[in-house]
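Okay, structure first, notes after.
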Amino acid sequence: MEKLVSARELKKLFGKVEAVKAVSFHVYKNEIYGFLGPNGAGKTTTLRMLTGVLKPTSGDTEICGMDVLQRPIDVKFVTGVVPDEPNMYENLTGQEFLEFIGSVFSMKKEKLNQRVEELSDAFDVNFLGKFIGDYSHGMKQKLMLISVLMRKPRVLFLDEPTVGLDAKSAKILKMLLRKYANEGSAIFMTTHVLEIAEKMCDRIGIINKGELIAEGTLSELRSRSGKESLEDIFLNLTGEDEIKEIVDNL
Amino acid sequence: MPIWLYVFLLALVVASFGIPGYFLMRGAFVKYSQFFIGTSTLADLFLEISLLGILALILMIDTPAVILNVFMSNDVGYLLTLPISRSAIFYSKVIETLIEGAFPALFFIPLFLAYANVARMPWYSILFSFIMYVFYVLFSAGVAGFLSMIFSKFASKSGMRKFMFFSSMATLTLAYLMMNITTMPNFEPQNMQDALSAYVSKVNFSLWPSTWFLRSIKGSPIFTLILVGASLTVFALSYLLSTRSLLSGFSNVKSSSKSIKVKKYHSHGAFEALLSKEFRMFRREPSILFMILYPAIFPLFIILSNSSHTQNVIMGELTSVFMASMYVSLSIASLTSIDAKSRWILETLPLKTVTPLWAKVVVVSGAYTSVMLLTFSILSIFFGGLGFALFMIGLSLPIFVIASFFGVYAVTKWPNPSGGTRKPLNITGSLISMLIGFVGAICVGAPTLYLFGNGMIWMFSGLTSFLLFLIVPFTIEIIFALFLRKKIVNLNWGDPFENENAH
Ligand SMILES: Nc1ncnc2c1ncn2[C@@H]1O[C@H](COP(=O)(O)OP(=O)(O)OP(=O)(O)O)[C@@H](O)[C@H]1O
Ligand SMILES: [Mg+2]
């Protein structure tokens with residue numbers, strides 16, 4: 001199987017804080033890789049290093065066989081990134097933003113029109129003529145998803161993509177991601193929603209305090225820990241099974 | 001930076017305007033005080049017009065600034081959830097804004113000192129006049145705060161642009177009126193007398209606050225009372241209203257929700273797309289667009305004093321260059337801070353780091369150059385000298401590019417933690433960009449004087465002036481450009497933490 005993303009010994013220090021400690025993994029073609037972990041575990045930091053936005057303290061990443069730091073522009077052409085905070089230029093309309101992104105990625109006009117129309121229909125988007133400053137959180141997120149998905153990038157990185165989306169849009173996103181993966185993309189997504197990880201992801205990596213503590217398909221994780229639900233596996237691994245005790249003490 | 005350096009820089013900036021301003025104005029007032037129209041002199045009239053000009057400037061600059069800072073700022077919504085009284089929030093914001101907005105009011109000081117010197121006013125009258133002037137500025141600011149509350153009822157970002165358009169038209173009209181009066185001494189004595197009387201009846205009108213000020217400093221207790229009373233009333237009124245206004249729903253006015261019709265999508269080249277994006281940002285962010293008014297308007301105020309002299313025109317145009325290179329770097333800093341807010345967008349685009357920067361530089365320098373070209377062309381219709389105006393603009397272009405990159409550097413080096421787009425730099429950053437503007441004006445002005453000054457630099461010998469006015473400015477420019485190049489290439493956008501460490 002073709003490795004589209006490979007991270008080798010990625011490490012990030014913020015001052016003295018070790019946010020990510022020597023994490024290594026691969027994401028293959030046709031695969032959705034779910035990255036799980038409690039708050040502050042280092043998911044976003046890892047994703048930012050993978051996309052070339054943040055320089056790792058040590059270690060390296062290859063996307064489609066290209067080193068992220070040595071060939072940043074070629075890498076960015078084939079990747080799409082959906083960050084956790086949908087911050088976009090408030091003084092542009094949705095259409096202007098999409099035209100901007102499309103132009104920078106040298107999309108053809110026909111392709112742009114066609115893809116935007118399809119995706120707008122799918123996500124019930126009819127507000128592209130308004131200024132982004134007037135959008136709600138979910139509306140911004142939809143626009144951001146369209147701006148990335150319309151390019152059909154070979155490698156997709158998504159940070160908490162379903163947070164803030166309504167049920168229908170979340171469902172459509174899940175189905176679209178599956179479709180893209182089947183068509184040959186590699187997808188890396190972080191999530192807190194265990195159910196999404198359980199249903200959507202082909203393989204799951206669990207990160208805690210900067211360390212990748214478990215990795216594998218759901219059945220591999222099950223047989224290794226002897227627990228049935230992903231929730232129990234996750235809580236067991238991240239050392240939070242004393243939850244009942246915590247709640248009782250409150 | 002130590003405090004004395006702040007004071008020194010500030011003094012340098014103020015003195016560089018104040019001292020030449022004072023002498024120019026004094027020369028003018030000596031002549032003006034000999035023309036009597038009824039009981040007042042042309043000098044009085046001139047003082048009144050300047051006061052009206054200051055009122056107009058404060059209203060124009062502060063009203064939208066208060067709206068943007070108070071009603072459209074992002075932190076007001078958060079502050080309102082805290083147990084702080086609403087009027088305290090409103091006033092802390094208003095006062096912060098007005099202090100900045102009172103900047104144009106400072107230009108009155110050298111002008112007034114020149115007036116007082118010519119009128120031989122004793123020191124206590126000067127002191128009294130300054131106290132009255134404080135009330136005058138307070139009155140203007142109170143009206144601005146009041147207007148901003150009314151405007152914010154229907155304010156939208158597009159509405160603000162219309163407002164700015166009208167206010168800039170008003171300024172141009174005002175400038176035209178002022179230029180009109182300064183060219184008057186060329187008229188026939190009788191015509192002039194008539195024209196002036198007509199003017200006086202308009203300017204010296206008891207409802208104008210400028211008239212209250214003038215009468216008050218000439219010893220009228222009634223007008224003193226009126227001025228003090230009016231300014232306190234306006235302030236009290238806006239204070240009372242403010243308590244309600246913040247919560248009545250328009251505290252978070254955003255852009256108009258009017259939607260632009262979705263057309264067919266187009267795609268362009270990457271750089272072209274960046275250019276049009278930056279141009280929209282520039283055009284649609286009132287706080288950025290507004291800055292461009294300063295270099296367009298201020299030269300008019302300076303030239304006004306004594307229009308017939310070439311020196312004056314050069315001085316005025318140099319002011320414009322100074323303003324422009326200062327505001328170019330602030331505009332770029334604002335644009336950069338917009339990108340910093342949504343940094344992931346540019347970071348994940350397949351572009352070199354400097355490409356978007358160049359797009360900003362082209363848009364902002366282009367805008368400022370066009371505005372200056374317009375102002376200078378209008379000036380040269382009245383006073384001639386298109387040649388050196390064009391020369392000056394040509395020299396300004398590299399300065400603008402340098403100042404632009406300085407703005408980018410400044411916003412990473414001296415960011416204002418709470419400022420956002422409207423105030424991207426902290427005090428150090430703002431003062432240094434002012435200084436850069438000043439150095440920029442010198443680098444443009446010196447070669448211009450050398451080539452077109454016609455003996456204005458007689459105090460230096462040929463070789464000295466060649467070195468001082470031609471070689472030194474260009475050397476400074478080149479050194480600064482190289483320095484910035486190094487800084488920009490080494491900027492690490494990817495890691496805020498590492499940037500923080502670099503301080
Ligand atoms: N720019 C930064 N400077 C300093 N420390 C940082 C920075 N960014 C992240 N950190 C630290 O790195 C650690 C990991 O943060 P990260 O954002 O990657 O967590 P996360 O797994 O995405 O959490 P969440 O589930 O809440 O999104 C945290 O301890 C955080 O404080
Ligand atoms: Mg995160």
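The structure displayed is predicted, hence computed values, not measured ones. So you know, we letter chains A, B, ... as the sequences are listed, proteins then strands, and number each from 1.
- Of the charged side-chain nitrogens involved, none lies within less than 4.0 Å of a carboxylate oxygen, so that A:D84 and A:K43 do not count as a salt-bridged pair.
- Looking at A:M88, the atoms closer than 4.5 Å to chain B (heavy atoms on both sides) sit in the backbone and in the side chain alike.
- Contacts of A:K108 with chain B are made by backbone atoms alone, with heavy-atom separations under 4.5 Å and no side-chain atom involved.
- The ring of A:Y33 has its center closer than 6.0 angstrom to the ring center of A:F25.
- For a residue to count as touching a neighbouring chain, one of its non-hydrogen atoms must lie under 4.5 Å from one of that chain's; by this rule A:V104 touches chain B with backbone and side chain alike.
- Neither the backbone nor the side chain of A:E117 comes within contact range of chain B; no heavy atoms are under 4.5 Å apart.
- For A:F97, the part sitting under 4.5 Å from any heavy atom of chain B is the side chain, from C-beta outward, and nothing else.
- For A:K12 and A:F14, the positive end sits near the middle of the six-membered ring, less than 6.0 Å away and at most 45° from its axis.
- Under the 6.0 Å cut-off for aromatic ring centres, A:F35 and A:F188 qualify, their centroids lying closer than that.
- Geometrically, B:K277 engages A:Y89 in a cation-pi contact defined by less than 6.0 Å to the ring centre and at most 45° from the axis.
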